[in-house]
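To start, the structure under review is shown below, and the notes come after it.
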There are 2 protein chains.
Amino acid sequence: MSSARVGAARLTTRIKVTRTGDLKDGPRRARPARNMILQGDCVSLMKGLDAESVDLVFADPPYNLQLASKLTRPDQSLVDAVDDDWDKFADFAAYDAFTREWLSAARQVMKPQATIFVIGSYHNIFRVGAIMQDLGFWILNDIVWRKNNPMPNFRGRRFTNAHETMIWAARDAGAKNYTFNYEGLKAGNEDCQMRSDWLLPICTGAERLKDATGRKTHPTQKPETLLARVILSASKAGDLVLDPFFGSGTTGAVAKRLRRDYIGLERDGTYANAAVARIAAVEPLPEEAVATAPSKRSEPRIAFASLVEAGLIAPGAVLRDAKKRHAAVVRADGALSLSGFVGSIHKTGALAQGLPACNGWTFWHYEDKGRLAPIDELRTQIRQSLRAAAE
Amino acid sequence: MSSARVGAARLTTRIKVTRTGDLKDGPRRARPARNMILQGDCVSLMKGLDAESVDLVFADPPYNLQLASKLTRPDQSLVDAVDDDWDKFADFAAYDAFTREWLSAARQVMKPQATIFVIGSYHNIFRVGAIMQDLGFWILNDIVWRKNNPMPNFRGRRFTNAHETMIWAARDAGAKNYTFNYEGLKAGNEDCQMRSDWLLPICTGAERLKDATGRKTHPTQKPETLLARVILSASKAGDLVLDPFFGSGTTGAVAKRLRRDYIGLERDGTYANAAVARIAAVEPLPEEAVATAPSKRSEPRIAFASLVEAGLIAPGAVLRDAKKRHAAVVRADGALSLSGFVGSIHKTGALAQGLPACNGWTFWHYEDKGRLAPIDELRTQIRQSLRAAAE
DNA sequence: GGCTCATATGAATCGCGAC
DNA sequence: GGTCGCGATTCATATGAGC
């Protein structure tokens, strides 16, 4: 089993533009080499990578299409099907063994909080999903890539196969704090949370890599829009993305553009070389364009007491809810007093409404020049002064 | 394991309205009892049905949701989750064993040309799909039911789980001639072939069954629109549809409306009784409304020779293509002669174009009062006279 | 009756850090 | 490692009250 860096010299000269130093850190480097394509069997190669070093995995494994015969269009032209050797397996057992092996190896190199996307069709995705569950991955979503321009069903014997399925999974069942760019996705989707069905066109036109004779370089090149949404959903700038079936390098090209690092594994030298050239031509986006949207959860925690200490609200002040149905008195220690009960802004807010929980920051309001304003505005002031002090 | 007909008396009196005689045919009946709900374990019940007797199976098995804790909405109200005992399994192995058992039993009662739809979510569908492939089912499509009104993700930690997946499969790998209403679906879809992604609302409002206290009768009642599309896609009027997880009887209600027969298997007496009442209230659509659109494939085959025999085209007549680039002579035996080559209308058409195949009916034209018309028009005439003769 | 507003709800594997 | 407590989080529909 031969595993070698493909055109390593070319890669370091061409691709290190986006990340310098990584390959020269020598003995003191804490992270594996990044932004490389390693040529060879992906299982062997993953076993050589550092354990728990990768933030995100995107995998587009062979689909095991099992095409029995040639297919022609109604005009008798031949459909250029996926008939490559890499998509041939003796039977389901062979495909399962292959799947178990590469998924296990991928799981080893994932950080505890890393997640993985695997794409497939009905030919293979059920086996892939079951094996993922068996190996301990924890499915977060299955995502449907709806193609707005799929190939029709030429024989009229089935529904147009108009989608592919991705499985998004965490490494472990208990995994918390995996990266999910919820706010950013929502903001870019009419302020509506992103759904599990994504409508995107297939890869055609100028984006589709062609060889010198005009033939497509890779039979199943994925669209960059798909990878962009995957990478933006589940990684941060600077994160390391691993693609064990790199193919024509869509993952690398999008990772570079979005200022993520990548490692691509590919057996086929023709694909790997095409990917090298492709990625070299990519220009990373400006940093502001790829910075992760700050989420409320990531903001520093502020104690309500610090508002009192800072003099933003006086002890003895009365807080009310927006509809002035409840009133509580601010104590010097930062607790609230509500008709005899003393507790946090959250506890008193919950008690006032008879609910099990409450966000006191948005429930309680203070009077500001005759206007009722949520105390969250005062928290924002504190956070702004903290940020100013940090600069 | 108790298996019994639920309210059989009620069923025969209430439901036999749509189909009379089936339950009384006694010894000479060739088909099993139809339009019944059988109460009990679906595996035992399926083993009691005649082998190869069912035209279509729709199955909505437990999803094995594995919900660990309670979930509240942002307004602190509690989500009414599926926490029924029937959805609880010890582990994946137990779920797999259950799945293998019911799928095997279902496969036994399917006719060779029958097909099956199984619906599920990411919790179970990958296991179901892999087991179906292992058992010898041949997947025709995976179909995505996109919900236009799914429950949102309240914690903002995942994509909105906005779809469920159906697997449509034939009993065997080689199955041909399974029922697929391609033309009808296409005609009802802006003359565009039906895709593998279906956008349908979830079951709410008046359609949702409620008990006397106003609570939903069944936690996972499927919308009738979904069943209607399934049944219209893969069965004909009078076909027998089996639903081994009948629940509130959506499959039976839609089957009756569309003039299909059904057998429903259900363990829970409350669900079964609700289904009886529900189906009794259904009025079948007029026969014309559910007659299968005649497909081109189902039309009787016509030999070109019979056109000659019928005198619709004379031996020695010259046929041309639409652009008059080729000319062939009609022989008395129904073959064509094209510059020395003698063959069928299809073979000569292919030869003329240098293509591997050709539909001679649409390629070759004859001269009709100075107008060039495809010989397919003559075939249509023959078919019309055949139909007239049959009536 | 028509409109606005408030409320209810659906197959859901739904947080995270400090102590 | 378990417990505690802060405090972040929802979309499309249907229904019913109130005006």
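Residue numbers begin at 1 in each chain, while the letters A, B, ... track the order of the sequences. All figures in this text were calculated on a predicted structure; none of them were measured in a lab.
The partner of C/dG17, taking Watson-Crick or G-U wobble pairs whose two distances both stay under 3.5 Å, is D/dC4. Nucleotide D/dT9 forms a pair with no other nucleotide shown, judged by Watson-Crick or G-U wobble geometry with both contacts under 3.5 Å. Both distances falling under 3.5 Å, in either a Watson-Crick or a G-U wobble arrangement, place C/dC3 opposite D/dG18.
The side chain of A/Trp361 sits closest to D/dG7 out of C/dC14, D/dG7, D/dT10. The side chain of B/Arg73 lies closest to C/dG10, out of C/dG10, C/dG15, D/dT10. Proximity note for B/Glu164 (side chain, C-beta onward) versus D/dT10, C/dA11, D/dC6: the nearest is C/dA11. Of the listed nucleotides (D/dG7, C/dA12, D/dC6), D/dG7 has the atom at the smallest distance from the side chain of A/Arg379. Distance from the side chain of B/Pro152 is smallest for D/dC11 among the nucleotides D/dC11, C/dA12, C/dA11.
No N or O donor and acceptor, one from the side chain of B/Arg158 and one from the base of C/dC14, sit under 3.5 Å apart. Evaluation of atom-type donor-acceptor distances gives a pair under 3.5 Å for the side chain of B/Lys222 against the base of C/dA11.
Using a distance-only test at 3.5 Å, with no hydrogens or angles considered, no donor-acceptor pair links the side chain of A/Asp368 to the main chain of A/Arg371. Using modelled atom types, one side-chain atom of A/Gln193 and one backbone atom of B/Asn153 make a donor-acceptor pair closer than 3.5 Å.
With salt bridges taken as basic N to acidic carboxylate O contacts below 4.0 Å, none links B/Arg100 and B/Asp134.
Between B/Asp80 and B/Phe92, the residue whose closest nucleotide on DNA chain C is further toward the 5' end is B/Asp80. Both A/Arg297 and B/Val79 lie near DNA chain C, and the one whose nearest nucleotide falls closer to the 5' end is B/Val79.
For D/dA8, one of the phosphate oxygens OP1 or OP2 lies less than 4.0 angstrom from a side-chain nitrogen or oxygen of A/Asn359. Applying the 4.0 Å criterion to OP1 and OP2 of C/dC14, one finds that B/Asn153 has every side-chain N and O outside that range.
In terms of heavy-atom proximity, A/Met194 sits nearest to A/Asn189 at CA-ND2, 4.0 Å.
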